[in-house]
Each structure stands twice: as C-alpha cells, then as structure tokens.
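As structure tokens, the structure follows; a few thoughts come after it.
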Amino acid sequence: MASDPKVHTFEDVATHNKTKDCWLIISGKVYDVTPFMEDHPGGDEVLLSATGKDATNDFEDVGHSDSAREAMEQYYIGEIDSKTVPTKRSYIPPQQAAYNPDKTPEFVIKILQFLVPLLILGLAIAVRHYTKKE
C-alpha cells in the first residue's frame, strides 16, 4: 500500500462502473479491479453489480478466502472519503407491466384446458358405449 493513500470521493468512484474501467469500495478502501474483470471466478457481472455503492457487504457475504483478500492489495488505489458516501441509497422499484383488467383471453384458455379433456373423455365413453357388441 502507498504510504500516503489518495482519497477519492464517492461520486468519482461511482463513475468507474464499466467492464474496461471498474472501481469498487470495500471496507473504506478503493480498488481498481479492471485488470481482474476477466479472471474473477464469479464473472465480471458480479463486480459490475457492486459498483456505485459500498460493496463491503457484497464482498463479505460471499466468504472470500484469505488468498483472495491478499490478492486485493495489488488493486488498491486509495481510500474513500467517508463524508461523500451516501448513508442510505433510496430503493427504486422495478417498472411493472400495467394491470390488465380484461383477463378474457386468460379465462378462455383456462376453461378450454378444463373442457377439452372432458370432451375427449365423453367421446371415448360414447364410442365405447355405441360400438360395444352385446
């Protein structure tokens, strides 16, 4: 580690959120993990999903090995200015499809799924009854 680490703002780190330019905040430290993107066992999507936030919980929840923690040191580029980190991110729910009050097509399909087997059963019984020799 450097003797006098550079201090990065949260906004600066949050802009590095691409495959070719990826920085993470873990335990108050900033890591440039761009060279590690292709080698990460979980894939680059895992690292990209941890950008733009404090990724400490994501990192700890996985249960990384001691060797993984040691390997992180080579990607260390500085500290995060804790005053610039938002205390809580606001949750934005995903967009949902509009409610469809007209469920006629779904209702018709459910009725047909019930009636068609009954019709086939009824035809089978009728054929058996009328073709049976006495």
Side-chain angles (χ1 to χ4, degrees):
M1 282 197 210
S3 60
D4 189 22
K6 181 174 183 197
V7 177
H8 301 276
T9 65
F10 180 82
E11 292 77 19
D12 181 36
V13 174
T15 62
H16 300 274
N17 58 0
K18 297 171 185 55
T19 305
K20 300 289 184 194
D21 182 25
C22 184
W23 291 11
L24 298 178
I25 302 168
I26 300 173
S27 301
K29 297 178 180 178
V30 180
Y31 298 91
D32 181 356
V33 295
T34 307
F36 187 61
M37 295 294 279
E38 291 181 10
D39 299 329
H40 187 266
D44 61 350
E45 299 88 18
V46 174
L47 296 174
L48 288 173
S49 70
T51 60
K53 64 180 181 177
D54 183 348
T56 305
N57 289 338
D58 295 343
F59 181 80
E60 296 298 337
D61 288 347
V62 173
H64 286 90
S65 65
D66 291 336
S67 61
R69 293 174 189 277
E70 290 170 11
M72 284 175 51
E73 295 306 316
Q74 65 183 321
Y75 303 111
Y76 174 82
I77 58 170
E79 302 285 325
I80 188 72
D81 183 359
S82 58
K83 292 177 274 191
T84 63
V85 178
T87 54
K88 184 175 181 181
R89 296 191 67 192
S90 58
Y91 174 71
I92 301 171
Q95 295 293 332
Q96 295 180 348
Y99 175 69
N100 181 9
D102 181 22
K103 300 226 180 219
T104 306
E106 294 173 19
F107 180 72
V108 170
I109 290 172
K110 288 189 185 276
I111 293 292
L112 288 175
Q113 286 176 338
F114 179 73
L115 291 179
V116 168
L118 285 179
L119 181 62
I120 292 171
L121 180 63
L123 285 171
I125 291 172
V127 167
R128 168 107 174 144
H129 178 70
Y130 289 113
T131 59
K132 160 167 90 165
K133 292 184 183 180
E134 289 187 24

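We number each residue from 1, following the sequence as shown. What you see is a predicted model, and the numbers here were worked out from it, not measured in a lab. Hydrogens, waters and symmetry mates are skipped; everything else that's a heavy atom, side chains included, is used.
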- Task: Answer yes if F114 and I111 sit in the same cluster of Ile, Leu, Val, Met, Phe, Trp and Tyr residues linked by side chain heavy atoms under 4.5 Å apart, and no otherwise.
- Result: yes
- Query: Nearest heavy-atom pair of F10 and G52: which atoms, and what distance?
  - Reply: CZ-O, 3.2 Å
- Task: List the steps and the verdict of side chain to side chain contact (heavy atoms under 4.5 Å, CB included) for F59 and R69.
- Result: CA-CA 10 Å; F59 181 80; R69 293 174 189 277; 3.2 Å; yes
- Is the shortest heavy-atom distance from the side chain of H40 to the side chain of V33 under 4.5 Å? no
- Might you point out which heavy atoms bring L48 and T19 nearest each other, and give the distance in Å? CD1-OG1, 3.5 Å
- Task: First locate atom CG of D44, then atom OG of S49, and finally report the distance between them rounded to the nearest 0.5 Å.
- Result: 10.0 Å
- Message: For the CD atom of E11 and the CG atom of D81, what is their distance to the nearest 0.5 Å?
- Response: 9.0 Å
- Query: What's the shortest heavy-atom distance between A55 and I26, and which atoms?
  - Reply: CB-CG1, 4.2 Å
- Query: Does some side-chain heavy atom of V30 sit less than 4.5 Å from a side-chain heavy atom of L24?
  - Reply: no
- Message: I need the minimum non-hydrogen distance between H64 and A68, along with the two atoms involved.
- Response: CB-CB, 4.0 Å
- Note on the structure: Given the options I77, T84, I25, V13 meets side-chain contact (heavy atoms from CB on, under 4.5 Å) only with I25
- Between the OG1 atom in T56 and the CD1 atom in I80, the distance rounded to the nearest 0.5 Å is 10.5 Å
- Using a 4.5 Å cut-off on heavy atoms from C-beta on, say whether the side chain of V62 contacts that of D58. no
- Heavy atoms only: give me the nearest C22-T51 pair and the separation to one decimal. SG-CG2, 3.5 Å
- Item | Closest non-hydrogen atom pair between T34 and K20, with its separation | CG2-O, 3.2 Å
- Query: What distance separates S27 OG from E79 CD, expressed to the nearest 0.5 Å?
  - Reply: 10.0 Å
- Task: Determine whether M37 and L47 make a side-chain contact, defined as any pair of heavy atoms from C-beta on separated by less than 4.5 Å.
- Result: yes
- Query: Would a 4.5 Å heavy-atom cut-off, applied to side chains only, mark W23 and D12 as touching?
  - Reply: yes
